[in-house]
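If you're wondering where the values come from, they're calculated on a predicted model, not measured in any experiment.
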Amino acid sequence: KQTTDPNLGAVRPMTTEELFQLPSYLGGATTTEKLALTGAGITEALSGFFAAGDALVYSTDLLARQQQEERDYSPQEKLELYKRYEDTGVTGILNTATDYLNDYITREDGTITSQLLKFSETKDAKEVKKAAEKTVDGIIDSTPSLLAARFGAWGVSVLGVSVAGNKFKEEMYKDAGRNNALLLGNAAGVGFINAVGEYATYSIMKRAGIIKNKYGTDIAKRFFNESLASLGKRLGTAFLAEGASEAVTEAVSIGFDAATLGDEIKMKEAAERISDAFLIGGAIGSSITAAGKVNDIVNPKAKERAYNALM
């Protein structure tokens, strides 16, 4: 791997920074950006988990202060009080880390669905490329969800708490003047909805044979007898199942926000969010299934587990 130094006109080894930037020279995102996207997703999820605790402590403190002072706090006072908890401790450190990583991430406006619709009108292949890049980014953003689903009930429960914490934080910055009990209830509901939705991902991982000690006889038989046609069917089923699960989760979340907070959302925006959730979820589902098949092929212990499951 060498590059030409423009100042010397000579060929020299590429620096580490240039190597990470190489994909951008080919028209794609940089390795640095994808690593930053992965890291930001993880730090944001961790921040959400601790933010859930901050929300409870803040709410208790707010209630005590208002009762003691015999007055209601203004939206600005509420937000300032909340920031005291959010900006300190582990949450503050994780927020700083997320902001730092986000500086390396460039996101274009628009959704996957809007890019595909543009392609249908213009026939410009660049729109498909943009849609593909957004899908990949969506999969990377889902890394915390995939890690959570990997650990079953405990994992998705922790994920639900994380989603709830981040939702409460989002709504506080949007309008801190609303009833605090309402914001807590909304955050808890959205966290629960997302946790339930991740069980579909767990099921796909289980059927793919990825989750340890979940190698049932059906998976074992498939290991020895599966044809390409059968694998293709499984990939399609996983795409539809995970895509539908994510789409339903997104739709229920939108409806729940409208019912509890009175949020108004345009039909087009809602449709694009649900459509994007389906496409990203489908890509994740088929990728998990494909990864399970690759694991069957390259992992020497996979055959042993399959054999033992049939004994």
Side-chain angles (χ1 to χ4, degrees), residues 38-39 41-53 90 94 138-167 187-223 226 231 234-253 256 277-278 280-299 301-311:
T38 304
I42 293 174
T43 55
E44 185 176 1
L46 290 172
S47 172
F49 180 80
F50 289 100
V90 179
L94 291 169
I139 294 174
I140 294 175
D141 277 337
S142 299
T143 299
S145 299
L146 295 173
L147 292 174
R150 173 67 177 77
F151 293 98
W154 285 105
V156 296
S157 296
V158 171
L159 176 68
V161 172
S162 172
V163 171
N166 278 327
K167 188 64 165 63
V190 171
F192 177 76
I193 291 168
N194 279 266
V196 171
E198 285 308 314
Y199 272 103
T201 306
Y202 172 76
S203 298
I204 291 175
M205 286 183 171
K206 183 178 177 181
R207 289 195 296 271
I210 290 178
I211 298 179
K212 190 176 180 181
N213 298 326
K214 297 296 181 182
Y215 225 77
T217 55
D218 56 333
I219 299 175
K221 290 177 181 178
R222 187 187 70 215
F223 180 92
E226 184 168 47
L231 174 60
R234 281 204 302 123
L235 289 172
T237 300
F239 182 94
L240 293 174
E242 181 67 7
S245 172
E246 293 297 331
V248 169
T249 298
E250 186 67 22
V252 174
S253 295
F256 186 73
F278 175 82
I280 293 172
I284 290 173
S286 54
S287 296
I288 290 172
T289 300
K293 186 62 178 179
V294 171
N295 180 66
D296 287 347
I297 296 172
V298 302
N299 186 355
K301 293 184 179 181
K303 185 175 182 178
E304 180 182 347
R305 291 203 306 269
Y307 179 78
N308 291 337
L310 293 174
M311 293 299 292

Expected output: side-chain Ser157 to main-chain Ala153 donor-acceptor under 3.5 Å: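 It does hold such a pair.
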Donor-acceptor under 3.5 Å (Thr43 side chain, Gly39 main chain):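 Between the backbone of Gly39 and the side chain of Thr43 there is a qualifying donor-acceptor contact (under 3.5 Å).
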Qualifying residue, where the test is side-chain contact (heavy atoms from CB on, under 4.5 Å) with Thr249 and the options are Val196, Val190, Ile193: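 One option only clears the test, and that one is Ile193.
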Phe192 atom CZ, neighbour heavy-atom count above 12 within 6.0 Å: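 Check fails, neighbour count at 12 or below.
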Heavy-atom pair with the smallest gap, counting every atom of [X] and [Y]:
{"X": "Gly197", "Y": "Ser245", "value": "O-OG, 3.1 Å"}
{"X": "Ala238", "Y": "Gly285", "value": "CB-O, 3.4 Å"}
{"X": "Pro144", "Y": "Gly41", "value": "CG-O, 3.2 Å"}
{"X": "Ala195", "Y": "Gly160", "value": "CB-CA, 4.0 Å"}

Hey, are the side chains of [X] and [Y] touching, using non-hydrogen atoms and a 4.5 Å cut-off?
{"X": "Asn194", "Y": "Leu159", "result": "no"}
{"X": "Asn166", "Y": "Ser162", "result": "yes"}
{"X": "Ile288", "Y": "Leu146", "result": "yes"}
{"X": "Thr201", "Y": "Ser145", "result": "no"}

Atom [atom1] in [X], atom [atom2] in [Y]: separation rounded to 0.5 Å?
{"X": "Ser286", "Y": "Glu242", "atom1": "OG", "atom2": "CD", "answer": "9.5 Å"}
{"X": "Ile284", "Y": "Glu246", "atom1": "CD1", "atom2": "CD", "answer": "6.0 Å"}
{"X": "Glu44", "Y": "Phe49", "atom1": "CD", "atom2": "CZ", "answer": "15.5 Å"}
{"X": "Leu235", "Y": "Thr289", "atom1": "CG", "atom2": "OG1", "answer": "6.0 Å"}
{"X": "Ile139", "Y": "Asp141", "atom1": "CD1", "atom2": "CG", "answer": "10.5 Å"}
{"X": "Phe151", "Y": "Met205", "atom1": "CZ", "atom2": "CE", "answer": "9.5 Å"}

Within the 6.0 Å centroid threshold, strictly below: Phe278 and Phe239: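 Judged by ring-centre distance (under 6.0 Å), Phe278 and Phe239 do meet the cut-off.
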